[in-house]
Amino acid sequence: MDDVPWFDVADPGFSITSAEVHEAREKSWYARTGYGLAVLRHAEMEALLKHPLLRQGSVAWPAHHGVTEGPLADWWASWILNKEGEEHRRLRRLMNPAFSARLTTALLPRFRALATELTDTFAGSGSCEFVSDFAEPYAARVITVLLGLPESEWPGIARASAVLGLALGVTVRQDLDRIERALATLHAYVDELIADRRRRERDDFVSQLVRVSRDSDRLGGDELRDGLVLLVFGGFDTTRNQLGLALQTFLHHPDQWRLLAERPELGARAVEEVMRVNPTVRWVTREALEDFTFRGLDISAGTTIHLWNESAGTDPRVHGPYSFDITAEREPHFGFGGGVHHCLGHFVARGDMAEALPVLARRLRDPVVAEGAEWLPDSGNTGPVRLPLTFTPTT
């Protein structure tokens with residue numbers, strides 16, 4: 001088709017949530033990019049997430065940028081996210097119990113207390129730098145709670161994880177040296193954590209995985225190590241970014257912010273609505289295993305397909321004209337992926353954000369963005385680097 005849209009998504013100035021993309025969605029269900037195909041509509045994304053001739057495609061992301069060997073390439077290939085078939089099912093079966101809804105529910109009061117503690121430090125001043133004052137320490141301390149670590153360890157986790165997060169963006173090649181140094185830091189941190197739990201098991205998440213590794217030849221030591229690094233990094237990076245994006249979204253919808261302050265029980269619904277319209281994971285990646293035809297389009301084996309979350313989440317064919325309403329019933333969003341690769345940690349991510357957002361809404365009244373906001377590129381994974389806010393002080 002000669003009229004199929006084309007986007008230069010590798011350009012750091014490109015916005016995956018732009019009006020240009022939304023206009024393209026009305027012309028075609030897909031676009032072409034320098035990486036392959038981009039899927040713009042909800043129905044096609046839902047179908048392709050579960051298509052039997054597609055595999056998880058993120059495994060090729062470093063290679064797209066010329067990173068084919070070395071520590072980052074090796075760690076990236078180890079991800080459960082990038083495994084398929086029986087190997088993926090094996091790892092998922094072994095790790096699933098540690099990510100249960102029961103575990104998350106038990107931690108919710110601690111998450112709420114943590115959100116309150118952090119907000120108390122700046123709510124009376126009328127201003128904050130949201131990333132460094134809340135989103136970053138909250139996300140990192142949630143990880144320490146989950147892993148049974150002293151919460152004082154959070155700054156080191158945050159620094160290394162923030163740098164490692166650059167691997168998910170379009171500047172990965174330029175940032176490779178910094179990324180691999182951060183990866184080495186997290187590997188050393190996790191090695192020490194595993195060694196401690198092997199000496200003194202506890203009733204916690206890491207001990208459960210260490211027991212699986214010890215009692216079964218089905219979970220190797222390297223798999224445990226690499227999996228825990230992925231947990232630390234992924235849990236920090238996505239929560240920090242998504243909280244910043246939540247504030248950005250609510251700033252455009254102050255009536256919904258006030259409603260959340262009045263009705264904190266809407267915290268879980270607020271998380272779903274934010275992730276529908278403003279997800280940190282801007283695309284989900286798949287790769288064609290063999291040639292096939294979909295919706296009249298011939299797709300060759302090896303083609304990378306990016307499923308664009310925000311474009312699908314705001315598709316008027318499913319959701320009607322754009323709106324943001326934390327009381328609305330919606331079709332499921334794709335912020336945690338889908339199919340067999342649905343995010344293992346979604347209960348924790350949903351739970352910690354659902355506790356944090358109502359606390360923030362009660363304490364940060366009438367927030368506005370102050371001068372100096374800075375954002376990651378609006379593709380891959382995104383979020384604020386700096387988000388200074390002013391608001392009406394509260395006690």
Side-chain angles (χ1 to χ4, degrees), residues 104 107-166 168 182 185-186 189-190 193 204-206 228-251 264 267 270-271 274 280 345 348-364 367 369-370 372-376 381-391 393-394:
T104 299
L107 294 174
L108 294 182
R110 180 67 194 108
F111 295 160
R112 191 180 316 124
L114 174 56
T116 300
E117 175 193 336
L118 289 170
T119 309
D120 281 346
T121 64
F122 56 78
S125 70
S127 66
C128 70
E129 196 289 288
F130 183 74
V131 175
S132 59
D133 289 339
F134 187 88
E136 191 165 273
Y138 183 76
R141 288 176 67 178
V142 162
I143 294 297
T144 65
V145 170
L146 183 63
L147 299 184
L149 292 169
E151 291 185 37
S152 60
E153 300 284 350
W154 78 263
I157 289 174
R159 283 192 298 271
S161 297
V163 174
L164 193 52
L166 297 173
L168 299 174
T185 297
L186 289 180
Y189 203 97
V190 164
L193 178 62
D204 65 8
F205 173 88
V206 177
L228 281 172
V229 170
L230 178 59
L231 164 70
V232 171
F233 154 68
F236 169 80
D237 189 71
T238 54
T239 296
R240 178 200 57 178
N241 287 343
Q242 193 63 69
L243 284 170
L245 292 165
L247 264 291
Q248 180 192 45
T249 305
F250 276 108
L251 287 168
V271 171
V274 165
T280 180
V348 176
R350 284 180 156 114
D352 62 36
M353 291 189 290
E355 293 300 324
L357 289 176
V359 172
L360 290 164
R362 288 196 303 271
R363 304 298 300 281
L364 276 61
V369 178
E374 182 183 350
W375 295 82
L376 294 169
N381 281 30
T382 193
V385 177
R386 284 180 43 81
L387 187 61
L389 301 175
T390 60
F391 49 87
T394 59

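The basis for the numbers below is simple: all heavy atoms, side chains too, and nothing from hydrogens, waters or symmetry mates. Position 1 is the first residue of the sequence, and the numbers go up from there.
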Notebook entry, point to check: How long is the span from the CG atom in Asp237 to the CG atom in Leu166, to the nearest 0.5 Å?
Noted result: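 The CG atom of Asp237 sits 8.5 Å away from the CG atom of Leu166.
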_As an exercise, state the distance from CZ of Arg110 to CG of Leu146, rounded to the nearest 0.5 Å._
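These two atoms lie 13.0 Å from each other.
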Task: Given Leu245, Val385, Asn241, the one that forms side chain to side chain contact (heavy atoms under 4.5 Å, CB included) with Trp375 - done: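 Exactly one candidate clears the test, Leu245.
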Of the non-hydrogen atoms in [X] and [Y], which two are nearest, and what is the gap between them?
X	Y	answer
Leu164	Phe233	C-CE1, 3.6 Å
Ala160	Ala182	O-CB, 3.3 Å
Arg240	Ala135	O-CB, 3.7 Å
Pro155	Ser152	CD-O, 3.2 Å
Pro264	Pro358	O-CG, 3.5 Å
Pro367	Leu251	O-CD2, 2.9 Å

[X] vs [Y] side-chain heavy atoms within contact, under 4.5 Å:
X	Y	result
Arg141	Leu118	yes
Phe122	Leu364	yes
Leu357	Leu243	yes
Ile157	Leu149	yes
Leu360	Phe130	yes
Trp154	Ile143	no
Asp352	Val145	no

Donor-acceptor contact below 3.5 Å, side chain [X] vs main chain [Y]:
X	Y	value
Thr382	Leu376	yes
Thr394	Arg363	yes
Tyr138	Thr239	no
Glu374	Arg386	no

message: Assess the residue pair Phe111 and Met353 against the criterion (side chain to side chain contact (heavy atoms under 4.5 Å, CB included)); give the C-alpha distance rounded to whole Å, side-chain angles, the decisive distance to 0.1 Å, and a yes or no.
response: CA-CA 9 Å; Phe111 295 160; Met353 291 189 290; over 6 Å; no
task: Begin from the C-alpha positions of Thr121 and Phe134 and carry the test side chain to side chain contact (heavy atoms under 4.5 Å, CB included) through to its verdict.
output: CA-CA 9 Å; Thr121 64; Phe134 187 88; over 6 Å; no
Q: Tell me, with the steps shown, if Val142 and Leu114 meet side chain to side chain contact (heavy atoms under 4.5 Å, CB included).
A: CA-CA 8 Å; Val142 162; Leu114 174 56; 4.2 Å; yes
Taking it one step at a time, do Thr185 and Val163 satisfy side chain to side chain contact (heavy atoms under 4.5 Å, CB included)? CA-CA 11 Å; Thr185 297; Val163 174; over 6 Å; no
| Salt-bridge present (Arg112, Glu355; N to O < 4.0 Å) |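 Salt bridge flag = yes for Glu355 with Arg112.
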